Amino acid sequence: MHWGVGLASSRSCVVDLSRNQTFSLCWCAGSEDNYSFYGDIIAFPVQDYTGVMSGLGSDSWWKKTLYLTGGALLAAAAYLLHELLAIRKEQEVDSKDAIIFHQFSRPNNGVPSLSPFCLKMETYLRMADLPYQNYFDGKLSPQGKMPWIEYNHTRVSGTEFIIDFLEEKLGVNLNKNLNPHERAISRAVTKMVEEHFYWTLAYCQWVDNLHETQKMISIPGPFSDLLKWILCHLTKGIVKREMYGQGIGRFSEDEIYKLMEKDMRSLAGLLGDKKYIMGPKFSTLDATIFGHLAQAMWTLPGTRPEQLIKGELINLAMYCERIRRKFWPEWHDDNDNSLYESDDSGEESKTHTPLLDFSFYSRTGTFDDEGTENSISQTPDTDYTGHSLFDSDMELDEYIDQEQCK
């Protein structure tokens, strides 16, 4: 008797998980255009035309009925196992006058998210100093998007629409210092990053470097290793298919990495020696670029993008460190470079709290980058004079020399 195991979803298909076949489904490749299958794990009899099933005639209906009954029982057992693995603690969510931020679960490597868009949106909320509540339910928005928010019982998905919604409802605007020309440049760069650079990162993360990515995914339970393997290979199949449809996936690996390098060099040239992409003040574009560059900086060990950002394009690495320290004080990097520490930094200043899970967040040291002459806003990355501790005065050549000495 041969059996197949699969996932039956509402999308009128069964994904075969048995017989050592490669299968494609999807999870969170990091893109906003995520697809998800929700359904039941089922078991079903597979006809073997050279074996027992082919030997059953039309008069063996009772045997077939027995097989179907056994299959139903096996399907029920598989479904119960699925439910046990998928049980989550239900928590009441009230979005009245509160931003409920739905995103994927935290990975286990200390990085807030393996999704550039989730990291972009959460960084934006911190830049705008908007209190929010993380909700790691894994549920996609009605449009099949991740991340998405709820505010006063209104659901909004897609980072661009979320930002527009928050600007309209709460009056925040990180681009108020940009003129029309700078806003046009900001949008053009955003589209380059989200519609082009993102796909090269996805290839590196979910296809070329899948083994390392699998180690970073956090799935609790007795079968976590198996579930992570399945999840990663499902995502790999989806990423390859979507990349092919987008166009980048039709090129060779070397060609994909060449496109990635061109995008990274463009960002490095645009940044130059400025503090932020568009000048001395951060904008929405910085949240977008940081969400993507952080993947190359902290989630792709030993890969071409990591070597590039920590080597030749060191200004991008310093830029990522600057934003991480300013808006993510609890995000601790085990490979912190001492060049970013102030001379008077004590052990107390180097302590970190875990990344926040299901809890409200708001920066305690609310500040205005514009500042005033008579007031100094002190934050985790400023000293008593208000001067940033992470605006390195060192020349890049000196930084590179010290990196090479390690």
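Heavy atoms only: backbone and side chains are in, while hydrogens, waters and symmetry mates are out. Please read all numbers here as calculations on a predicted model, not as lab measurements.
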| remark: Nearest heavy-atom approach of Phe136 to Ser105 is CD2-CA, 3.7 Å

| message | Less than 4.5 Å apart, side chain to side chain, heavy atoms only: is that true for Leu119 and Phe290? | response | yes

| query | Atom CG in Leu166, atom OH in Tyr124: separation rounded to 0.5 Å? | reply | 6.0 Å

| message | Can you confirm whether Trp199 sits close enough to Met260 that some side-chain heavy atom of one is under 4.5 Å from a side-chain heavy atom of the other? | response | no

| message | With salt bridge (charged side-chain N to carboxylate O under 4.0 Å, His left out) as the rule and sequence neighbours excluded, what pairs involving residues 198-214 come up? | response | Glu212-Lys215

| message | Quick check: closest heavy atoms across Leu170 and Ile99, and the distance to 0.1 Å? | response | CD1-CD1, 4.0 Å

| message | Nearest 0.5 Å, please: how far is SG in Cys204 from CD in Gln295? | response | 10.5 Å

| field | By side-chain contact (heavy atoms from CB on, under 4.5 Å) - contacts of Arg265 (at least two apart) | value | Glu261, Leu308, Glu312, Leu313

| request: Report the C-alpha separation of Leu125 and Phe101 in whole Å, then their side-chain angles, then the decisive distance to 0.1 Å, and conclude whether the side-chain contact (heavy atoms from CB on, under 4.5 Å) test is met. | output: CA-CA 10 Å; Leu125 292 171; Phe101 183 55; 4.2 Å; yes

| remark: To the nearest 0.5 Å, atom CH2 of Trp298 lies from atom CD of Glu321 at 5.0 Å

| query | Would you find a donor on one side and an acceptor on the other, under 3.5 Å apart, between the side chain of Glu182 and the backbone of Asn179? | reply | yes

| query | Between Ile323 and Met127, is any pair of side-chain heavy atoms under 4.5 Å apart? | reply | yes

| Counting N and O atoms only, with roles assigned by atom type, does the side chain of Asn209 sit under 3.5 Å from a partner on the main chain of Leu300, one being a donor and the other an acceptor? | no

| Does Thr154 offer a backbone N or O that forms a donor-acceptor pair with the side chain of Asn152 under 3.5 Å? | no

| query | Is it true that atom NZ of Lys274 has more than 12 heavy atoms of other residues, nucleotides or ligands lying nearer than 6.0 Å? | reply | yes

| salt_bridge(Arg187, Glu160) N-O dist < 4.0 Å | yes

| At their closest point, which heavy atom of Lys275 faces which heavy atom of Lys326, and how far apart are they? | NZ-NZ, 4.5 Å

| When rounded to the nearest 0.5 angstrom, what distance separates CD1 in Ile149 from CD1 in Ile163? | 10.0 Å

| message | Is there a side-chain contact between Val193 and Val189 in this structure, where contact means two heavy atoms from C-beta onward sitting under 4.5 Å apart? | response | yes

| said: Tell me whether Arg126 forms a cation-pi arrangement with Phe327, defined as NZ or CZ under 6.0 Å from the six-membered ring centre and within 45 degrees of its axis. | reply: no

| task | Go through Ser283 and Leu178 one step at a time and tell me if the side-chain contact (heavy atoms from CB on, under 4.5 Å) criterion holds. | result | CA-CA 8 Å; Ser283 65; Leu178 302 183; 4.2 Å; yes

| said: Which heavy atom of Gly144 sits nearest to which heavy atom of Leu140, and what is that distance? | reply: O-CD1, 3.9 Å

| query | Going by heavy atoms in the side chains, are Trp328 and Thr123 under 4.5 Å from each other? | reply | yes

| Is it true that a side-chain atom of Arg155 and a backbone atom of Pro142 form a donor plus acceptor pair closer than 3.5 Å? | no

| Whether His102 and Trp148 hold their rings parallel, tilted or perpendicular, with breakpoints at 30° and 60° | parallel

| message | Within the structure provided, determine whether Ser141 and Val156 are in side-chain contact (heavy-atom separation under 4.5 Å). | response | no

| query | Counting only N and O atoms by type, is there a donor-acceptor contact under 3.5 Å from the side chain of Gln246 to the main-chain atoms of Glu195? | reply | yes

| Would a distance-only check, ignoring hydrogens and angles, find a side-chain to backbone donor-acceptor pair under 3.5 Å from Glu306 to Gly302? | yes

| Is Phe104 close to Met146 at the side-chain level, that is, under 4.5 Å between some pair of heavy atoms? | yes

| task | Kindly indicate, with the supporting measurements, whether the criterion side chain to side chain donor-acceptor pair (under 3.5 Å) is fulfilled by Ser252 and Glu255. | result | CA-CA 5 Å; Ser252 67; Glu255 289 172 328; 3.2 Å; yes

| Lys191 NZ: over 12 foreign heavy atoms closer than 6.0 Å | yes

| request: Could you please spell out the steps behind the side-chain contact (heavy atoms from CB on, under 4.5 Å) verdict for Met243 and Tyr203? | output: CA-CA 8 Å; Met243 286 186 65; Tyr203 175 83; 3.6 Å; yes

| message | Is it true that, when you exclude Lys228 itself, more than 12 heavy atoms of the residues, nucleotides or ligands shown sit nearer than 6.0 Å to its NZ? | response | yes

| said: Quick check for you: to the nearest 0.5 Å, what is the distance between Asn175 atom CG and Lys281 atom NZ? | reply: 13.0 Å

| Student check: side-chain heavy atoms of Tyr132 and Glu122 closer than 4.5 Å | yes

| Expected output: side-chain His196 to main-chain Met192 donor-acceptor under 3.5 Å | no

| With distance as the sole test, does Lys176 use its side chain to make a donor-acceptor pair with the main-chain N or O of Val172 at under 3.5 Å? | no

| query | At what distance, to the nearest 0.5 angstrom, does OG1 of Thr213 lie from CG of Leu231? | reply | 11.0 Å

| request: Compare every heavy atom of Gln103 with every heavy atom of Asn134, then report the nearest pair and how far apart it is. | output: OD1-NE2, 2.8 Å

| Carboxylate-amine/guanidinium proximity below 4.0 Å for Asp254 and Arg304 | yes

| request: Could you give me the CA-CA distance, side-chain angles and deciding distance for Met297 and Arg324, then say whether side-chain contact (heavy atoms from CB on, under 4.5 Å) is met? | output: CA-CA 11 Å; Met297 184 81 173; Arg324 179 181 70 86; over 6 Å; no

| query | Run the side chain to side chain donor-acceptor pair (under 3.5 Å) check on Tyr319 and Asp286 step by step: do they pass? | reply | CA-CA 9 Å; Tyr319 168 78; Asp286 293 294; 2.6 Å; yes

| task | Specify the closest pair of heavy atoms between Ile217 and Asn108, including all atoms of both residues, with the distance to one decimal. | result | O-ND2, 3.4 Å

| field | Donor-acceptor contact present, side-chain Asn109 to main-chain Met216, <3.5 Å | value | no

| request: Assess whether side chain to side chain donor-acceptor pair (under 3.5 Å) is satisfied between Tyr135 and Glu150, documenting all intermediate values. | output: CA-CA 10 Å; Tyr135 198 58; Glu150 292 180 86; over 6 Å; no

| request: Using side-chain hydrogen bond (donor to acceptor under 3.5 Å, both in side chains) as the criterion, point out the one residue from Thr190, Thr159, Thr284 that pairs with Lys120. | output: Thr159

